[in-house]
Amino acid sequence: MEVSMQTRFKRLIPKVIFVFTLGFAVTSGAEDHKAEAMKQAQAALDSGKQGNAAAVAEHAAAAKIHAEAAQQERPNPHLDAAIKNLDAAIAEGRKGNASSAEEAAFGAVTHLKAAEKSF
């Protein structure tokens, strides 16, 4: 029995849809993590402007979790740089250095914006 070309095509459609949906889900997940990382990094920056070093560290730690998740889903050199800045913001915030923590948070926000443009 020969399978017609039309039958083969009908069998292929669900597979193509599945692959497309999976690709969209991965991209969407990275975008969600990147957006949350940006939200938290901006909150860290705002806290630094207010002189609240502890809040910078807290928001930077939350941003780092999402930046790392986005990096695993869609690697990007700007995400690497943002994560390094977030590490610095966390360390400086925990030491009570609001100004240095703010500066590091600013770097993270800058790199997260650059990562967003490169996707």
Side-chain angles (χ1 to χ4, degrees):
M1 246 169 94
E2 187 176 312
V3 179
S4 73
M5 188 65 117
Q6 187 176 18
T7 303
R8 287 183 188 172
F9 185 71
K10 285 181 180 179
R11 289 179 184 167
L12 183 62
I13 290 174
K15 294 174 185 171
V16 170
I17 291 171
F18 174 76
V19 169
F20 177 76
T21 304
L22 182 62
F24 179 75
V26 169
T27 301
S28 178
E31 293 301 316
D32 291 345
H33 283 298
K34 209 163 21 100
E36 187 60 28
M38 176 61 85
K39 177 181 163 187
Q40 291 295 330
Q42 185 62 53
L45 178 58
D46 294 342
S47 296
K49 289 178 181 178
Q50 295 170 0
N52 188 341
V56 174
E58 182 179 329
H59 288 293
K64 182 181 174 187
I65 290 168
H66 290 285
E68 288 175 336
Q71 178 68 346
Q72 284 195 347
E73 291 173 3
R74 266 186 101 174
N76 184 299
H78 287 291
L79 289 173
D80 280 336
I83 291 166
K84 289 178 184 174
N85 284 120
L86 291 168
D87 282 335
I90 294 165
E92 292 300 317
R94 288 181 179 162
K95 291 180 200 173
N97 300 331
S99 179
S100 298
E102 176 189 347
E103 188 177 317
F106 178 78
V109 168
T110 301
H111 282 292
L112 288 168
K113 285 179 182 177
E116 189 172 281
K117 289 179 183 178
S118 66
F119 279 122

Glu36, CD: over 12 other non-hydrogen atoms inside 6.0 angstrom: yes

Beyond-backbone contact of Glu92 with Val56, side-chain heavy atoms, under 4.5 angstrom: no

Distance-minimising heavy-atom pair for Ala89 and Ala104: N-CB, 3.5 Å

Where Ala41 and Ala105 come nearest, the two heavy atoms and their spacing: O-CB, 4.3 Å

Qualifying residue, where the test is side chain to side chain contact (heavy atoms under 4.5 Å, CB included) with Met38 and the options are Lys113, His33, His66: Lys113

Euclidean distance, Thr110 OG1 relative to Leu45 CG, rounded to 0.5 Å: 8.5 Å

Smallest separation among heavy atoms of Ile83 and Glu68, with atom names: CD1-CG, 3.7 Å

Interatomic distance, Glu116 atom CD to His78 atom NE2 [nearest 0.5 angstrom]: 12.0 Å

Separation between NZ of Lys34 and CG of Leu79, rounded to the nearest 0.5 Å: 7.0 Å

Asn52 CG to His59 NE2 distance, which is reported to the nearest 0.5 Å: 8.0 Å

Gln71 and Asn76: side chain donor to acceptor below 3.5 Å: no

Gln50 CD to Glu102 CD distance, which is reported to the nearest 0.5 Å: 10.0 Å

Inter-residue atom distance Ser47.OG - Gln42.CD, 0.5 Å rounding: 10.0 Å

